[in-house]
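Structure record follows, encoded as structure tokens.
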Number of protein chains: 2
Amino acid sequence: MTQTSDRVYADLHREILTGGRVPGSRLREEEIAETFGVSRTPVREALRRLSADGLIELIPHRGAEVVRWAADDIEELFDLRCLLEGHAARRAAQRGEVDLERLRELCARMEAHLDDTDPRAADEITRLNMEFHRTIHRAGGRALPDLLTRVIEVPVVRRTFDEYSAEELRRSFGQHRELVNALAAGDGDWAEAVMRSHLRAARASWRTHRRQAELPTGQEPRTPETDKD
Amino acid sequence: MTQTSDRVYADLHREILTGGRVPGSRLREEEIAETFGVSRTPVREALRRLSADGLIELIPHRGAEVVRWAADDIEELFDLRCLLEGHAARRAAQRGEVDLERLRELCARMEAHLDDTDPRAADEITRLNMEFHRTIHRAGGRALPDLLTRVIEVPVVRRTFDEYSAEELRRSFGQHRELVNALAAGDGDWAEAVMRSHLRAARASWRTHRRQAELPTGQEPRTPETDKD
DNA sequence: CGCTCCTACTTTGTACACAACTTCGGAGGT
DNA sequence: ACCTCCGAAGTTGTGTACAAAGTAGGAGCG
């Protein structure tokens, strides 16, 4: 659990989220064990944790495969995220234990990448943005962070901020700043409203880019394993 | 994963929820392995799953112990449950794919135990009630059931319907019936409202019985391992 | 030609042995 | 008397071997 297993988990986790492991592809224990140069034992533990995260599905005596999410499921997750993160923002504002300085620092670091043309800038923004939201989750209560992890990671799969236009980025960062203001004011209603609109905007953007990304490839009409569910 | 591990997981899960394993007590792999007559390997897998459920906490090189939940944390979980189950009820009503016949059957079976004096009746009602709520969760979307499991199981620890008075039971069952009506009507607002009041009532009952159970024992002021968190 | 059954292979599930880490106790020094 | 350091006991982490289950391919039969 502590060292080898953690490393395998973290690496597989990243591979799945960045698209190195395609949804539907199988994960064989031995193959992964060889790749990382470890035995199957820590690999198994890592796979169980990924399964608990909802990122892969374990089938008895058959192995694991990366979960495929239909568009409807992602829509549902956006709704849940809106609900739970709105709640987290409200609670964080009311309890007043949120680390405002840290949030402002994260805002500044994200804004510093506004005119950054380096392709890796999107990854960095994604990381900072995740940390920004997580900070609010933690301030919202004890049970919220774990719950939100399951809801957020999935729609984030294969999606980073490189799909955002400069204008969308600017608006998104502006909402972050307003969120910090609402939290600083201790106004739960305000914080929840900003968070909800922030996430609705993200969903709208996702819908737009999804349509653009879908048509060219043309691999959607098949729905290989989804139809039997 | 399939046979031995599942059995160990299910048994430990039940032991924790029924109070056989007290919060704060440690779980040693070897002891559990001997008790069940299996090796440590499936025991480890079961412990990881319980950890993912939020029922136990794993400490590297030290072992696992049953999670202690403070009263404030349980309050928070009731809030989240209210939020998510209300959402589930709304969605279930709007989508109209809920199995109304099954819900009515579960209602009838619960009501049949209203005048049952058998002490095991409370366990049966708890089981039926859980199934009633789960049916609605499933009708509310794909991601909701797993999410709600984590939120609901914890406050249910060591608590069954034997603490309910006959009047509380009757009111609770009446709310179930009204919920079915709201779902049948496809009225999302109605369904959500009924669900939320149903759960708020449950929380009020929990608060009352908690105060009664707390004072006699007098073991609360110590807070053994909680103070360091 | 198609269907069924059987065998061989692939992959996961469990047991067991050893290594690594943490913790607690006592001996020694200041 | 107290603090520090060292060592032994106990518990988890990892590696490896074997058992069990599932899957796919081909041979035999209808």
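Note on naming: letters A, B, ... go to the chains in the order of the sequence lines (proteins, then strands), and numbering restarts at 1 for each one.
One can place CG of B/L58 at 7 Å from P of D/dG13, the figure rounded to the nearest angstrom. The interatomic distance linking B/F36 (CZ) with C/dA15 (P) rounds to 13 Å, in whole Å. Rounding to whole angstrom units, CG of residue B/L47 and P of C/dT14 are separated by 14 Å. Distance CD (B/E34) to C1' (D/dG10): 14 Å, rounded to an integer number of Å. For the pair A/E65 CD and C/dT11 P, the computed distance is 14 Å after rounding to whole Å. A straight line from NE2 of B/H61 to C1' of C/dC21 spans 4 Å, rounded to a whole angstrom. The interatomic distance linking A/I59 (CD1) with C/dG13 (C1') rounds to 16 Å, in whole Å.
For D/dG10, its base never sits under 3.5 Å from the side chain of B/R62 at any donor and acceptor pair.
Comparing C/dT12, D/dG15, D/dT12 against the side chain of A/V38 picks out D/dG15 as the nearest. Closest to the side chain of A/E29, out of C/dC21, C/dG13, D/dG15, is C/dG13. Side-chain proximity of A/P42 to the nucleotides C/dA15, C/dT12, D/dG15 is greatest for D/dG15. When the nucleotides C/dT14, D/dA21, D/dT12 are ranked by their closest atom to the side chain of B/R40, D/dT12 comes out on top.
Contact between the side-chain N/O atoms of B/R28 and the OP1/OP2 oxygens of D/dT12 is not found at any separation under 4.0 Å. The shortest distance between the side-chain N/O atoms of B/S39 and the OP1/OP2 oxygens of C/dA15 is below 4.0 Å. Side-chain nitrogen and oxygen atoms of B/R44 include at least one within less than 4.0 Å of the OP1 or OP2 phosphate oxygen of D/dG13. A close approach under 4.0 Å does occur between a side-chain nitrogen or oxygen of A/T4 and OP1 or OP2 of D/dT14. For B/R48, a side-chain nitrogen or oxygen approaches OP1 or OP2 of D/dG13 to under 4.0 Å.
Nearest-nucleotide positions on DNA chain C for B/G37 and A/E30 put A/E30 closer to the 5' end. Heavy-atom distances to DNA chain D give each of B/R26 and B/T41 a nearest nucleotide, and the one nearer the 5′ end belongs to B/R26.
Nearest heavy atoms, A/A92 versus A/I136: CB-O, 4.1 Å. Between B/E75 and B/W206, the closest heavy-atom pair is OE2-CZ3, 3.3 Å.
Between B/E85 and B/R134 there is no salt bridge, since none of the side-chain N atoms of the basic residue sits less than 4.0 Å from a carboxylate O of the acidic one.
When the shell of 6.0 Å around CD of A/E31 is examined, it contains more than 12 heavy atoms from other residues, nucleotides or ligands.
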Mind running side-chain contact (heavy atoms from CB on, under 4.5 Å) on A/I56 and A/H13 for me, showing each step along the way?
-> CA-CA 10 Å; A/I56 69 174; A/H13 190 274; over 6 Å; no
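Within the 4.0 angstrom heavy-atom criterion, only backbone atoms of the sugar-phosphate kind lie near B/L27; the bases stay farther away.
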